[in-house]
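The figures here come from the full heavy-atom set of this structure, side chains too, leaving out hydrogens, waters and symmetry mates.
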Amino acid sequence: MSKPVKNLMQKTYEAKFADLQGAILIDVRGVKSNLNNALRARLAKSKVKVTVVKNNLAKRAVAGTGLEKLGDMLDGPSAVVYGGESVVAIARELIEIAKVTENLAFKGALMDGEIFTADQLEELSKYPTRPEAQAQVVQIFLTPGKKLAGAILGPGRKIASLIKAIEEKAKEKEGATEAAPEATPAAA
């Protein structure tokens, strides 16, 4: 391959991977073309892209970017899977796809500067996605307030129910005393 073509490919990789902070490396060697197309189509629904790369050019392209650590895993046929909601969501999707796709191999992943080996990809898929983590944090902050509100309102509710019970008894007594004088004159 000529030098101008290599430079063009490297610039293309640089443009694609410049803003990424995470991605997954897979090996699609041996995956039948129909299954490969189905894999890409399924991932595309989640706005996930798959780019088969030339290792040396990709290593140079990711140098100095958020994917620099992923460059160490670029060995043999490699495809970079990136985009979508998060690396965790991609990992979940790829694990589901791998169950029905022969020869799909995981090489590793990078998320927020942390490297995950192929063996740790299952563990990565169990991490919460950003929205799930945000919901957990909100829940953690709201739980003590909810308990505090319950503790503050609990005694007040008890007092209110006691006052209501006393009020109802008073109405019953009042109704009974009014009914008793009416019965007495009618009997006379």
Side-chain angles (χ1 to χ4, degrees), residues 1-140:
M1 187 178 321
S2 69
K3 188 144 183 109
V5 172
K6 287 181 181 179
N7 288 338
L8 184 62
M9 287 178 69
Q10 182 176 335
K11 287 183 192 290
T12 303
Y13 294 158
E14 288 171 358
K16 285 183 180 184
F17 305 144
D19 298 331
L20 298 179
Q21 296 301 313
I24 297 177
L25 278 180
I26 61 172
D27 180 358
V28 291
R29 178 181 42 192
V31 176
K32 294 181 180 176
S33 62
N34 289 339
L35 291 175
N36 192 339
N37 290 337
L39 173 139
R40 289 170 183 261
R42 183 172 171 180
L43 291 173
K45 289 178 184 175
S46 303
K47 297 183 181 174
V48 175
K49 298 176 184 172
V50 179
T51 301
V52 176
V53 295
K54 298 214 40 87
N55 294 336
N56 287 332
L57 297 177
K59 284 179 186 179
R60 283 188 246 149
V62 299
T65 69
L67 295 182
E68 186 169 17
K69 291 181 181 178
L70 206 57
D72 297 336
M73 293 183 178
L74 288 167
D75 184 37
S78 302
V80 180
V81 185
Y82 58 96
E85 184 182 321
S86 69
V87 176
V88 174
I90 296 171
R92 289 177 186 170
E93 190 73 24
L94 283 173
I95 287 172
E96 289 300 314
I97 292 170
K99 290 177 182 176
V100 295
T101 305
E102 274 186 48
N103 300 324
L104 179 63
F106 302 115
K107 293 181 136 194
L110 176 73
M111 182 178 79
D112 296 331
E114 187 176 343
I115 290 285
F116 293 86
T117 63
D119 299 332
Q120 295 171 321
L121 204 60
E122 181 83 30
E123 180 184 324
L124 173 65
S125 71
K126 294 177 183 171
Y127 280 30
T129 61
R130 183 176 299 269
E132 292 169 348
Q134 289 170 342
Q136 289 174 354
V137 169
V138 168
Q139 186 65 33
I140 288 169

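No donor-acceptor pair closer than 3.5 Å links the side chain of Lys69 to the backbone N or O of Glu114. A donor-acceptor distance shorter than 3.5 angstrom exists from the side chain of Ser86 to the backbone of Ala89, with no hydrogens or angles considered. With hydrogens and angles disregarded, no donor-acceptor distance shorter than 3.5 Å links the side chain of Thr65 to the backbone of Ala63. Proximity of a side-chain donor or acceptor of Thr12 to a complementary backbone N or O of Leu8 within less than 3.5 Å is detected. No donor-acceptor pair under 3.5 Å is formed between the side chain of Lys107 and the backbone N or O of Thr117.
Residue pairs meeting the salt bridge (charged side-chain N to carboxylate O under 4.0 Å, His left out) criterion with at least one member in residues 6-35, sequence neighbours excluded: Asp27-Arg29. Sorted by first and then second residue, the ring-ring contact (aromatic ring centres under 6.0 Å, His included) pairs with a member in residues 34-89 read Phe17-Tyr82; sequence neighbours excluded. Residue pairs meeting the ring-ring contact (aromatic ring centres under 6.0 Å, His included) criterion with at least one partner in residues 18-47, sequence neighbours excluded, do not occur; the list is empty. Within the structure, ring-ring contact (aromatic ring centres under 6.0 Å, His included) pairs that include any residue of residues 40-66 do not occur (at least two apart or interchain).
Shown are Leu74, Leu67, Leu70, Val53; of these, the side-chain contact (heavy atoms from CB on, under 4.5 Å) with Lys59 is made only by Leu74.
For Glu93, the salt bridge (charged side-chain N to carboxylate O under 4.0 Å, His left out) partners at least two apart in sequence or on another chain are Arg42. For Val100, there are no side chain to side chain contact (heavy atoms under 4.5 Å, CB included) partners two or more places apart in sequence or in a different chain. Looking at residues two or more places apart in sequence or on another chain, you find no side chain to side chain contact (heavy atoms under 4.5 Å, CB included) involving Ser33. A search for salt bridge (charged side-chain N to carboxylate O under 4.0 Å, His left out) contacts involving Glu68 returns nothing, not counting sequence neighbours. Qualifying side chain to side chain contact (heavy atoms under 4.5 Å, CB included) partners for Ile95, counting only residues two or more places apart in sequence or in other chains: Lys99, Phe106, Glu122, Ser125. Asp72 pairs by the side chain to side chain contact (heavy atoms under 4.5 Å, CB included) definition with nothing, not counting sequence neighbours. Under the salt bridge (charged side-chain N to carboxylate O under 4.0 Å, His left out) criterion, Arg60 pairs with no residue at all, not counting sequence neighbours. Under the salt bridge (charged side-chain N to carboxylate O under 4.0 Å, His left out) criterion, Lys3 pairs with no residue at all, not counting sequence neighbours.
Using a 4.5 Å heavy-atom cutoff, the side chains of Ser78 and Asn55 are in contact.
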task = Using the side-chain contact (heavy atoms from CB on, under 4.5 Å) rule, take Asp112 and Val87 through it: C-alpha gap first, then chi angles, then the decisive distance, then the call.
result = CA-CA 9 Å; Asp112 296 331; Val87 176; over 6 Å; no
request  = Let me see the working for Leu110 and Phe116 under side-chain contact (heavy atoms from CB on, under 4.5 Å), right down to the final yes or no.
outcome  = CA-CA 6 Å; Leu110 176 73; Phe116 293 86; over 6 Å; no
task = Determine, step by step, whether Val81 and Lys49 satisfy the side-chain contact (heavy atoms from CB on, under 4.5 Å) criterion, reporting the C-alpha distance in whole Å, the side-chain angles of both residues, the deciding distance to 0.1 Å, and the verdict.
result = CA-CA 6 Å; Val81 185; Lys49 298 176 184 172; over 6 Å; no
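Across all non-hydrogen atoms, the minimal contact from Ile24 to Ala109 is CG1-CB, 3.7 Å. Between Ala23 and Val80, the shortest heavy-atom distance links the atoms CB-CG1, 3.8 Å. Considering all non-hydrogen atoms of both residues, Ala79 and Val50 come closest at CB-CG1, 4.0 Å. In terms of heavy atoms, Leu104 sits closest to Val31 at N-CG2, 3.8 Å.
Atoms CE and CG, on Met9 and Asn7 in that order, are 11.0 Å from each other to the nearest 0.5 Å. Here the CG-OG1 distance, from Asn34 to Thr101, works out to 11.5 Å after rounding to the nearest 0.5 Å.
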